[in-house]
Amino acid sequence: ESGDPMKPPFPWNGAKTRMTTVLFPYLRAWGGKGRWIEPFLGSGVVSRMVRDMYPNTEQVVGDLNPWLMAAHQHWLTGLVEPPTLADVTMERIQFYRGVVDADLGALSDRDRALRFMVCLYSAWGNRWQTNDDGSFGTPINTAREGADPDFLLRRLRESYGSGWSRPGDVFLHGSWADTGTQAQPGDLVFLDSPYPETAGYGSTKWDLEDWSLMYDWVRFKAVPQGIHVLVCNPGTLHLQWDYHCHRNSNPEHVHIPRRI
């Protein structure tokens, strides 16, 4: 069972939860007649709402964070072995925190997914922050229950198998373009990228040049091909959006309160 379609499967900054009611009429107008394409998956709460609305619509989802994608693909689906107390000892927590991106290929699907979940649940404020090499940077929340094995095991059991993917869905790890360019006419691409001049994953940054490239793709590639696009655009980039798209289209600006 996918559970509450408005609730993220795990705590995540910028989880898009507050956007779901505003997005609903646009999703209803689309009708689920193509595939759902989401290059900035994050917690996946919008993907979950789309699955609840259109159970048979295939999804192509991706994110630059390989550990987050491992959690979606292997942990939330319940395709790996369930959690045990051996997964949440302090020794194991420290092991997962010390793992770097270069270790990704040497770990099992289960360890890649668990690395994300254990680091996230044990971190102060449930904040996912890695160093440039991918090692985990957020301190353990020792003031509360971040290192308590029973607490961690309970949280892992709650999230295990709680996903909403179906056969035919595609999970991708990479840039927004790696996922977005999978779109075909009739598909709906949801672009909710990081705020400009902020950090992406690891040493990757998201700046105005990235926004420009993304918007150029929307204007010159996606729309002419009959691909539907939903873009979440901070008000500070209103003029840039108008410059790229407003000359030959009629974008609708919706103000949505958000917290990152």
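It should be emphasised that the depicted structure is a prediction, and the values quoted were computed from it without experimental measurement.
In this structure, CE in Met90 is found 8.5 Å from CG in Leu152, a value given to the nearest 0.5 Å. Atom CG in Leu104 sits 12.0 Å away from atom CE in Met69 (nearest 0.5 Å). Between Leu41 atom CG and Asp192 atom CG the span is 11.0 Å, to the nearest 0.5 Å. Going from atom CG of Leu153 over to atom OG1 of Thr89 covers 11.5 Å, rounded to the nearest 0.5 Å. The distance from the OG1 atom of Thr130 to the CG atom of Asp101 is 6.5 Å, given to the nearest 0.5 Å. Tyr26 contributes atom OH, which lies 8.0 Å from atom CG of Leu230 (distance to the nearest 0.5 angstrom).
Between Met214 and Ser193, some side-chain heavy-atom pair lies under the 4.5 Å cut-off. Contact check for Pro8 versus Thr17: side-chain heavy atoms found under the 4.5 Å cut-off. In this structure the side chain of Val223 reaches within 4.5 angstrom of the side chain of Val218, judged on heavy atoms. Proximity of Cys232 to Phe40: side-chain heavy atoms (C-beta onward) are nowhere separated by under 4.5 Å. A 4.5 Å side-chain heavy-atom check between Pro11 and Tyr121 finds at least one atom pair inside the cut-off.
Considering every non-hydrogen atom in both Leu156 and Met117, the closest pair reads CD2-CB, 3.5 Å. Listed here is the closest heavy atom pair of Trp67 and Arg112: CE3-O, 3.6 Å. Here the closest heavy-atom approach between residue Arg110 and residue Pro83 is recorded as NH2-CA, 3.7 Å. When all heavy atoms of Val118 and Ile93 are compared, the closest pair comes out as CG1-CG1, 3.9 Å. Looking at every heavy atom in both residues, Ser175 comes nearest to Leu64 through N-CD1, 4.0 Å. The two residues His74 and Ala113 come nearest to each other via the heavy atoms CB-CB, 4.2 Å.
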- Task: Starting from the C-alpha separation in whole Å, work towards a yes-or-no answer on side-chain contact (heavy atoms from CB on, under 4.5 Å) for Trp36 and Asp187.
- Result: CA-CA 6 Å; Trp36 174 258; Asp187 293 345; over 6 Å; no

- side-chain contact (heavy atoms from CB on, under 4.5 Å) between Phe10 and Arg155, worked out: CA-CA 9 Å; Phe10 46 76; Arg155 297 302 302 272; over 6 Å; no

- Task: List the steps, then state whether side-chain contact (heavy atoms from CB on, under 4.5 Å) holds for Ile37 with Thr179.
- Result: CA-CA 7 Å; Ile37 314 290; Thr179 303; 3.9 Å; yes

- Task: Kindly indicate, with the supporting measurements, whether the criterion side-chain contact (heavy atoms from CB on, under 4.5 Å) is fulfilled by Ser43 and Val45.
- Result: CA-CA 6 Å; Ser43 74; Val45 68; 3.7 Å; yes

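For the pair Asp63 (side chain) and Gly42 (backbone), a donor-acceptor distance under 3.5 Å is present. A donor-acceptor distance shorter than 3.5 angstrom exists from the side chain of Tyr54 to the backbone of Leu27, with no hydrogens or angles considered. Judged purely by atom type and a 3.5 angstrom limit, Arg154 has no side-chain atom pairing as donor or acceptor with the backbone of Pro149. Without hydrogens or angle criteria, Arg51 side chain to Trp164 main chain gives a donor-acceptor distance under 3.5 Å. Judged by distance alone, with hydrogens and angles left aside, the side-chain atoms of Ser159 form no donor-acceptor pair with the main-chain N or O of Pro9 at under 3.5 Å. Arg35 places no side-chain N or O within donor-acceptor distance of the main-chain N or O of Gln59, the cut-off being under 3.5 Å. A donor-acceptor contact shorter than 3.5 Å links the side chain of Asn65 to the backbone of Leu68. Without hydrogens or angle criteria, Tyr96 side chain to Cys119 main chain gives no donor-acceptor distance under 3.5 Å. Under a 3.5 Å cut-off, the side chain of Arg48 and the backbone N or O of Lys7 do form a donor-acceptor pair. Between the Ser122 side chain and the Ile140 main chain, no donor and acceptor come within less than 3.5 Å of each other.
Between Lys221 and Asp216 there is no salt bridge, since no side-chain nitrogen of the basic residue lies less than 4.0 Å from a carboxylate oxygen of the acidic one. Salt-bridge annotation for Arg92 and Asp87: absent, with no side-chain N of the basic residue lying under 4.0 Å from a carboxylate O of the acidic one.
One hydrophobic cluster, built from ILVMFWY side chains closer than 4.5 Å, holds both Phe24 and Leu188. Leu120 and Trp124 fall into different hydrophobic clusters, where Ile, Leu, Val, Met, Phe, Trp and Tyr side chains are chained together by heavy-atom contacts under 4.5 Å. Phe95 and Leu85 end up in the same hydrophobic cluster when Ile, Leu, Val, Met, Phe, Trp and Tyr side chains are linked at under 4.5 Å.
Ring centers of Trp30 and Phe190: at least 6.0 Å apart, outside the cut-off.
Relative orientation of the Trp12 and Trp128 rings is tilted, given thresholds of 30° and 60° on the angle between their planes. Relative orientation of the Trp217 and Trp176 rings is perpendicular, given thresholds of 30° and 60° on the angle between their planes.
Checked by atom type, the side-chain pair Ser165/Asp169 shows no donor-acceptor distance below 3.5 Å.
Shown here is Glu158, whose CD atom has more than 12 heavy atoms of other residues, nucleotides or ligands within 6.0 Å.
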